[in-house]
2 protein chains.
Amino acid sequence: MTSVTGERVNQVPDSTIARLPVYLRCLHEAQAMRIPVINSVGIAQMSGGNAALVRKDLNHLGELGTRGLGYDVDVLAGHIARVLGLTVQRRVVLVGLGRLGGALLNYGGFGDRGMTWVAVFDTDRDKIGTKAGAGLTVRSLDEAATLSGLAADIAVITTPAQSAQSVADTLVAAGVLSILNFAPVTLEVPGHVTLRQVDLSVELQILSFHLAKGL
Amino acid sequence: MTSVTGERVNQVPDSTIARLPVYLRCLHEAQAMRIPVINSVGIAQMSGGNAALVRKDLNHLGELGTRGLGYDVDVLAGHIARVLGLTVQRRVVLVGLGRLGGALLNYGGFGDRGMTWVAVFDTDRDKIGTKAGAGLTVRSLDEAATLSGLAADIAVITTPAQSAQSVADTLVAAGVLSILNFAPVTLEVPGHVTLRQVDLSVELQILSFHLAKGL
DNA sequence: CGCTGTGAAGAAGTTCACAGCG
DNA sequence: CGCTGTGAACTTCTTCACAGCG
């Protein structure tokens, strides 16, 4: 759907999208430091990237800079937030209230911008009915009907690997369009669902490789 | 020691390295299912990738397959583990025993293959001296001498954003060569140190973008 | 005949270098 | 004069397509 607003956001490459949240964080830091204007070199330093790439990335969102000056921090932050869809409040559900799930629930960085936890699910009878963080009561995922009624945008899976696929199936059936999976399995979801895998042990193994290489 | 075995591991591209841990996980699943041989199509399905790419990736490690058959699961798993340096036990320290830190400490997936927690640090006086998971006692990072004595390979940072850079500096000074940072800041480390950033809120923001894009 | 290994083609992403505007 | 915006060069990654071996 070629968006009525005529944005050319569709053309923003994935690699750029992955960097925008980082730029946004840098801009928030700049705001906290009362810096009103920043140039591509400054953003590159703060984000650990390259200035030319920063310009290319930002240019995908439009011509937001002023030649000879740089970018207005507030304007740019607002623009990135809008492109990332953070101006809309996203409704997020957590499935699997283990330690990691609990950590995410109480992780300030989320609720911060655009994300609201709307439900917590677990299969453990001892946990169901108890209060999780954020004032939410832990429920059973069996109530798929309940899930549909939540109109959740994003689901975060922090269950054991063995249950992750069936949880994902339930979520997809309930209309969830985006899944962030922390379980160490490759999930299969229909093409219209966006899936991101975060496997913590993969990260450690990559570091291990670099240690092995460096000797 | 420029590896007596004359490996050509140095030429393995980063993108391949990032996928090897995923292939390894698939092979472990195959082992659990008593599947002795697997072909590139099978690995591609299990890992959610493309068969040609799987072959290219694996071929970087040598000619490990048998034409007309596929790859011996055990042999391949062993080879990948060796390339990733998982045959050596890696000594990992955790800095910042918050909820996320606690979750990682007790996350089975780590201790599993090649990773051993050797110390836990925190600045909170109430936590120092108490037992964390894995039978470790929480210590103060002030004792940088202690840290050096640990001969840690990898450090995992789960402190608040504001303290992460100074923690990283301390770790680098103590000789740590690989850092996995969960704090939402861009860390600066010397070139010889490998750094990986995992920012959980970045992941959610990327999902948010895809929701926004899909209308 | 099936599946790996691989050159060649193609796509995607990054860096360069500078024109052009404020 | 400084910094953005951007074509063009370059590099890296992925896919294709098939030769070649078991």
Side-chain angles (χ1 to χ4, degrees), chain A residues 7-23 26-27 30 35-77 79-80 83 206 209-210 213, chain B residues 7-23 26-27 30 35-77 79-80 83 206 209-210 213:
Chain A
E7 293 284 338
R8 39 172 184 156
V9 164
N10 298 322
Q11 299 159 12
V12 181
D14 284 352
S15 50
T16 294
I17 295 302
R19 283 186 295 267
L20 290 181
V22 179
Y23 298 154
C26 296
L27 293 171
I35 297 171
V37 174
I38 193 168
N39 63 28
S40 61
V41 176
I43 297 176
Q45 282 172 349
M46 292 182 79
S47 66
N50 160 299
L53 187 50
V54 169
R55 290 201 297 278
K56 264 248 151 82
D57 283 341
L58 297 182
N59 192 242
H60 279 116
L61 318 183
E63 300 202 5
L64 301 170
T66 309
R67 294 168 198 236
L69 253 178
Y71 302 87
D72 180 284
V73 171
D74 291 341
V75 169
L76 185 54
H79 227 277
I80 293 178
V83 169
I206 293 171
F209 167 81
H210 287 289
K213 188 189 59 178
Chain B
E7 293 286 340
R8 39 171 183 155
V9 164
N10 298 321
Q11 299 159 14
V12 182
D14 283 353
S15 50
T16 294
I17 295 301
R19 282 185 294 266
L20 289 182
V22 179
Y23 298 154
C26 296
L27 293 171
I35 297 171
V37 174
I38 192 168
N39 63 28
S40 61
V41 176
I43 297 177
Q45 282 171 348
M46 292 182 79
S47 66
N50 160 299
L53 187 50
V54 169
R55 291 201 298 279
K56 264 251 149 82
D57 283 341
L58 296 182
N59 191 242
H60 280 116
L61 318 182
E63 301 203 4
L64 302 171
T66 308
R67 293 166 198 240
L69 253 179
Y71 302 88
D72 180 284
V73 172
D74 291 342
V75 169
L76 186 55
H79 227 278
I80 294 179
V83 170
I206 293 171
F209 167 81
H210 287 288
K213 189 187 60 179

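Below, read A as the first sequence line, B as the second, and so on, with proteins coming before strands; counting in each chain starts at 1.
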Rounding to an integer number of Å, can you tell me how far [X] [atom1] sits from [N] [atom2]?
{"X": "I43(B)", "N": "dC3(C)", "atom1": "CD1", "atom2": "P", "result": "13 Å"}
{"X": "L76(A)", "N": "dC3(D)", "atom1": "CG", "atom2": "P", "result": "16 Å"}
{"X": "L58(B)", "N": "dT6(C)", "atom1": "CG", "atom2": "P", "result": "12 Å"}
{"X": "Q11(B)", "N": "dT12(D)", "atom1": "CD", "atom2": "P", "result": "13 Å"}
{"X": "L61(B)", "N": "dG5(C)", "atom1": "CG", "atom2": "P", "result": "10 Å"}
{"X": "Y23(B)", "N": "dT4(C)", "atom1": "OH", "atom2": "P", "result": "13 Å"}

Working to the nearest 0.5 Å, report the span between [atom1] of [X] and [atom2] of [Y].
{"X": "L20(A)", "Y": "L61(A)", "atom1": "CG", "atom2": "CG", "value": "5.5 Å"}
{"X": "S40(A)", "Y": "N59(A)", "atom1": "OG", "atom2": "CG", "value": "11.5 Å"}
{"X": "I38(B)", "Y": "L69(B)", "atom1": "CD1", "atom2": "CG", "value": "13.0 Å"}
{"X": "I206(B)", "Y": "D14(A)", "atom1": "CD1", "atom2": "CG", "value": "9.0 Å"}

### Task
Measure from the side-chain heavy atoms of S40(A) and tell me the nearest of dG5(C), dT4(D), dT6(D).
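Nearest to the side chain of S40(A) among the choices is dT4(D).
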Report each atom pair, protein N/O against N/O of nucleotides 10-14 of chain C, whose distance is under 3.5 angstrom.
residue : atom : partner : partner atom : Å
dT14(C) : OP1  : R19(A)  : NH1          : 3.0
dT14(C) : OP2  : S15(A)  : OG           : 3.4
dT14(C) : OP2  : R19(A)  : NH1          : 3.3
dT14(C) : OP2  : R19(A)  : NH2          : 2.9

### Query
For L27(A), which of V22(A), D72(A), I35(A), V73(A) qualifies under side-chain contact (heavy atoms from CB on, under 4.5 Å)?
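For L27(A), the side-chain contact (heavy atoms from CB on, under 4.5 Å) check succeeds only for V73(A).
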### Message
To check you understand the geometry: which heavy-atom pair defines the closest contact between A44(B) and N50(B), and what is its length?
### Response
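A44(B) and N50(B) have their closest heavy atoms at CB-C, 3.7 Å.
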### Query
What pair of heavy atoms forms the shortest contact from F209(B) to V83(A), and how long is it?
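Heavy-atom minimum between the residues: CD1-O, 3.3 Å.
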### Query
Can you name the residues that form a salt bridge (Lys or Arg N to Asp or Glu O under 4.0 Å) with R19(B), not counting sequence neighbours?
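With neighbours one apart ignored, the set is D57(B).
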### Task
Identify, residue by residue, the members of residues 64-72 of chain B with a heavy atom below 4.0 Å from DNA chain D, and return them in order of residue number, or none.
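Result for residues 64-72 of chain B: T66(B), R67(B), sorted by number.
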Return the nucleotide paired to [N]: Watson-Crick means purine N1 to pyrimidine N3 with N6-O4 or O6-N4, wobble means G-U with N1-O2 and O6-N3, both under 3.5 Å.
{"N": "dG22(D)", "result": "dC1(C)"}
{"N": "dT15(C)", "result": "dA8(D)"}
{"N": "dT14(D)", "result": "dA9(C)"}

### Query
When you check the phosphate oxygens OP1 and OP2 of dG2(D), does a side-chain N or O of N39(A) lie under 4.0 Å from one of them?
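The answer is no; no side-chain N or O of N39(A) sits under 4.0 Å from OP1 or OP2.
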### Message
What I'd like to find out is whether the side chain of V37(A) reaches to under 4.5 Å of the side chain of T66(A), using heavy atoms alone.
### Response
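No - every pair of side-chain heavy atoms lies 4.5 Å or more apart.
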